[in-house]
Amino acid sequence: MTQPTQSSVFRISQVLRSGEPDTTVIIRGWVRTKREQKTFTFIEVNDGSSMAGLQVVVSDAIAGYAQSIKRINTGASVEIEGKLVPSPGKGQRLEMQAIALVVHGEADPETYPLQKKRHSFEFLRDIGHLRSRTNTLSAVFRVRNACAAAVHQFFQERGFLWVHTPILTASDCEGAGEMFSVTRFDLNKLPIKEGKVDFGQDFFGKPTYLTVSGQLEAEIMAMAFSDVYTFGPTFRAENSNTSRHLAEFWMVEPEMAFCDLKGDMDLAEAFLKYVFKHVMENCQEDMEFFQQRIDDSVLDTANNIINSEFARVTYTEAIDLLEKSNKSFEYPVAWGIDMQSEHERWLAEEYFKKPVIVTNYPTGIKAFYMRLDDGGKTVSAMDILAPKIGEIIGGSQREERLDVLESRIRAQGLDPEIYWWYLDLRRYGTVPHAGFGLGFERLVQFMTGMANIRDVIPFPRTPMNVEF
RNA sequence: UCCUCAGUAGCUCAGUGGUAGAGCGGUCGACUGUUAAUCGACUGGUCGCAAGUUCGAAUCUUGCCUGGGGAGCCA
């Protein structure tokens, strides 16, 4: 840090990392704790830039001491100019001797809900507007940010184009889940025509929804730019109440022209390794916090991801392993079943003990756009199963053959007319291509060891919850 | 949506038919280069909501609401 002629404002992370004794700086933030002594007061200030806060020593010699200290409690916002000095106490290299102190906002300790002790995540969800001021949630959101940066960095370095696929869509394709309707109608006065709602009078003239996936649009863009990715919010109106599902979540969906299933798997594995490495290098302090306080396997998991190759098995081999496991599963194992959570968990957590890529699933249990393998019994799909999280990535080589795609759409009872533009991509200049979808919050969960997905997104949307 | 557990002070919980409890927090005081400081005192309640059984219900019954865990669906 260079010595400014006048005091400059610094983020606390910067002060802690490279602040030099005898320099004078200004910091701003929120008070975590106050410890009053006889002739001075310790306050710990955090501005969200790091796990650790800065210890500020406020002497009763400074102007307005008594009045200011009275107004400072846990949660109060302050701006402090002070001199950095080596700390005689344990726990920090530097501390600040306050010269001038401004209290921007008080936090009445009688009503401020955050205490200087551990709170349950359930309670913190009820105060979603304040929970980011806690150690754990702020660490989560710093790691989330690092993950997002790594996503872009990874794809940009490889020449992928970030494409913005629409949030509003009329295609209720692929049956990825229940969709949220979007309308301008007054729901108490719906226009009815021949006993049904007349969507011809609505904003878009047809039923419209929030997107459940940007994949089909990403395929359009891949047919022009070769390698693209989407990274944005998606919506599922499923009434699912689990620690792994949200109604609004972020998805990363790369799509690559001239690419087969193997290339897809290679990219997915390289991608996960890259993001983990980036976070380990940039969020060391936060990752150590998760290791100590949340899940003591987090660092091992990260290193394992970065340094070891993922297991790769076909669905058929996976079923074989499950059958030979001698483990009594609640749901019986047989070729053709859609694997249950218990099966996926056994593979990832007990057998391989690391992420495992399962490929070539039975045709009957996968979507129509996945490429039919020779023989027709399986499709070129792949799922990456992660310990504790389950399915973190789902992808496939797409069906690029017009006639095969058309017959598969029909076989699933769908109308090829609706997919006219999707089929056109196979009609004009079709190429083998592949892609995958990654649930961003599940990635953050996997990274941090956080048990509940509602605690890795700032404002979780789940059934009956849109308060913040 | 299904299964299951829970809901009592601001928070975390104890209390299984007979006067509503603890720790933490908060307030006040003491002490102290402290680190979730320490010590003492004080403060604090529509026992989720509604009905029922009972002389009497936090406690038993029924319904509903909310939350956790698991399942399904998926990412």
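Proteins get letters first, then strands, A, B, ... in listed order; numbering begins at 1 in each.
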Check your understanding: At under 4.0 Å between heavy atoms, what does A/Gln92 touch on the DNA or RNA strands: base, sugar-phosphate, or nothing?
Key -> base
Review point. Which whole number of Å gives the distance between the P atom of B/G25 and that of B/C11?
Key: 15 Å
Check your understanding: What do you reckon, are the aromatic ring centroids of A/Trp346 and A/Tyr351 less than 6.0 Å apart?
Key -> yes
Exercise for review: Let me know the distance between CG of A/Asn241 and C1' of B/U4, rounded to the nearest Å.
Suggested key: 14 Å
Exercise for review: Ignoring backbone atoms, establish whether A/Asn452 has a side-chain N or O less than 4.0 Å from OP1 or OP2 of B/G69.
Suggested key: yes
Point to revise | Separation of A/Phe368 CZ from A/Glu399 CD (nearest 0.5 Å) | key: 11.0 Å
Review point. Reckon A/Ile393 touches a base, only the sugar-phosphate, or nothing at all at heavy-atom distances under 4.0 Å?
Key: sugar-phosphate
Check your understanding: So what does A/Glu467 hit on the nucleic acid, given a heavy-atom distance under 4.0 Å: a base, only sugar-phosphate, or nothing?
Key -> nothing
Practice item. Report which part of the nucleic acid A/Thr33 touches: base, sugar-phosphate, or nothing (heavy-atom distance under 4.0 Å, all strands). Key: sugar-phosphate
Point to revise | No-H, no-angle donor-acceptor pair, A/Arg118 side chain to B/C24 base, under 3.5 Å | key: no
Review point. Where the side chain of A/Pro109 is concerned, which of B/G25, B/A36, B/G26 is the nearest nucleotide?
Key: B/G26
Check your understanding: Between B/G26, B/U34, B/A71, which nucleotide has the shortest distance from any of its atoms to the side chain of A/Glu110?
Key -> B/G26
Check your understanding: Whole-Å distance between B/G68 P and A/Met450 CE?
Key -> 13 Å
Point to revise | Candidate nucleotides B/G33, B/C73, B/G68, ranked by approach to the side chain of A/Glu238 - the nearest | key: B/C73
Review point. Base, sugar-phosphate, or nothing for A/Gln37, non-hydrogen atoms under 4.0 angstrom?
Key: base
Point to revise | Length of the CE-P vector between A/Met464 and B/G68, whole Å | key: 13 Å
Review point. Going by modelled atom types, is there a donor-acceptor pair between the base of B/G33 and the side chain of A/Glu95 at under 3.5 Å?
Key: yes
Point to revise | Under-4.0 Å side-chain N/O to phosphate OP1/OP2 contact, A/Lys38 with B/U32 | key: yes
Check your understanding: Any N or O donor-acceptor pair linking the side chain of A/Glu36 to the base of B/U32 at under 3.5 Å?
Key -> no
Check your understanding: So what does A/Glu342 hit on the nucleic acid, given a heavy-atom distance under 4.0 Å: a base, only sugar-phosphate, or nothing?
Key -> nothing
Practice item. Pick base, sugar-phosphate or nothing for A/Phe440, based on heavy-atom distances below 4.0 Å to the nucleic acid. Key: nothing
Check your understanding: At under 4.0 Å, does any side-chain N or O of A/Gln115 touch on OP1 or OP2 of B/A36?
Key -> no
Review point. Where the side chain of A/Arg35 is concerned, which of B/A71, B/U1, B/A37 is the nearest nucleotide?
Key: B/A37
Check your understanding: Does A/Arg244 put a side-chain nitrogen or oxygen below 4.0 Å from OP1 or OP2 of B/C73?
Key -> no
Check your understanding: Which part of the nucleic acid, if any, lies within reach of A/Phe123 when heavy atoms closer than 4.0 Å are counted: base, sugar-phosphate only, or nothing?
Key -> sugar-phosphate
Exercise for review: Using the C1' atoms only, state how far B/G15 lies from B/G23, rounded to an integer number of Å.
Suggested key: 15 Å
Point to revise | Selected nucleotide, minimal atom distance to A/His119 side chain, candidates B/C11, B/C73, B/A37 | key: B/C11
**Study point:** Over 12 foreign heavy atoms within 6.0 Å of NZ, A/Lys83
**Key:** no
Exercise for review: Would you mind classifying the nucleic acid contact of A/Leu443 as base, sugar-phosphate or nothing, using non-hydrogen atoms under 4.0 angstrom?
Suggested key: nothing
Point to revise | A/Ser341 side chain near B/G70 phosphate (N/O to OP1/OP2, under 4.0 Å) | key: no
Revision key, fill the gap. From CD of A/Glu44 across to C1' of B/G33 the rounded distance in Å is 15 Å
**Study point:** Electrostatic pair A/Glu255-A/Arg398, nearest N-O below 4.0 angstrom
**Key:** yes
**Study point:** Spacing between A/Met179 atom CE and B/C74 atom C1', to the nearest angstrom
**Key:** 14 Å
Exercise for review: Using a strict 4.0 Å threshold on nitrogen-to-oxygen distance, state whether A/Asp338 and A/Lys366 make a salt bridge.
Suggested key: no
Exercise for review: Just compare B/U1, B/U34, B/G10 and give me whichever is closest to any side-chain atom of A/Asn239.
Suggested key: B/U1
Review point. Hey, does the side chain of A/Ser120 come within less than 4.0 Å of B/U12's phosphate (OP1/OP2), counting only N and O?
Key: yes
Study note, to complete from the structure: Whole-Å distance, A/Lys116 NZ to B/U38 C1', equals 12 Å
Review point. If only side-chain N and O atoms of A/Arg454 are considered, is one of them under 4.0 Å from the OP1 or OP2 phosphate oxygen of B/G68?
Key: yes
Check your understanding: Which listed nucleotide (B/C24, B/A37, B/A75) is nearest to the side chain of A/Lys117?
Key -> B/C24
Practice item. Using the side chain to side chain donor-acceptor pair (under 3.5 Å) rule, take A/Glu219 and A/Gln215 through it: C-alpha gap first, then chi angles, then the decisive distance, then the call. Key: CA-CA 6 Å; A/Glu219 285 188 54; A/Gln215 184 201 315; 2.8 Å; yes
**Study point:** Touch class at under 4.0 angstrom, heavy-atom based, for A/Tyr331 against every strand present
**Key:** sugar-phosphate
Exercise for review: Would you mind reading off the distance between A/His245 atom NE2 and B/G72 atom P, rounded to a whole angstrom?
Suggested key: 9 Å
Practice item. Grab the CG-P distance between A/Leu114 and B/G10 for me, whole Å please. Key: 16 Å
Point to revise | Donor on one side chain, acceptor on other, A/Glu400 and A/Tyr369, under 3.5 Å | key: no
Practice item. Among B/G33, B/C74, B/A37, find the nucleotide with the atom closest to the side chain of A/Asp338. Key: B/C74
**Study point:** Audit row: A/Ile319, A/His343, side-chain contact (heavy atoms from CB on, under 4.5 Å) steps and yes/no
**Key:** CA-CA 9 Å; A/Ile319 292 293; A/His343 305 137; over 6 Å; no
Review point. Under 4.0 Å: is that the gap between some side-chain N or O of A/Ser243 and OP1 or OP2 of B/G70?
Key: yes
Point to revise | Face-to-face contact A/Phe249 to B/A75 six-ring, under 5.5 Å, under 30° | key: yes
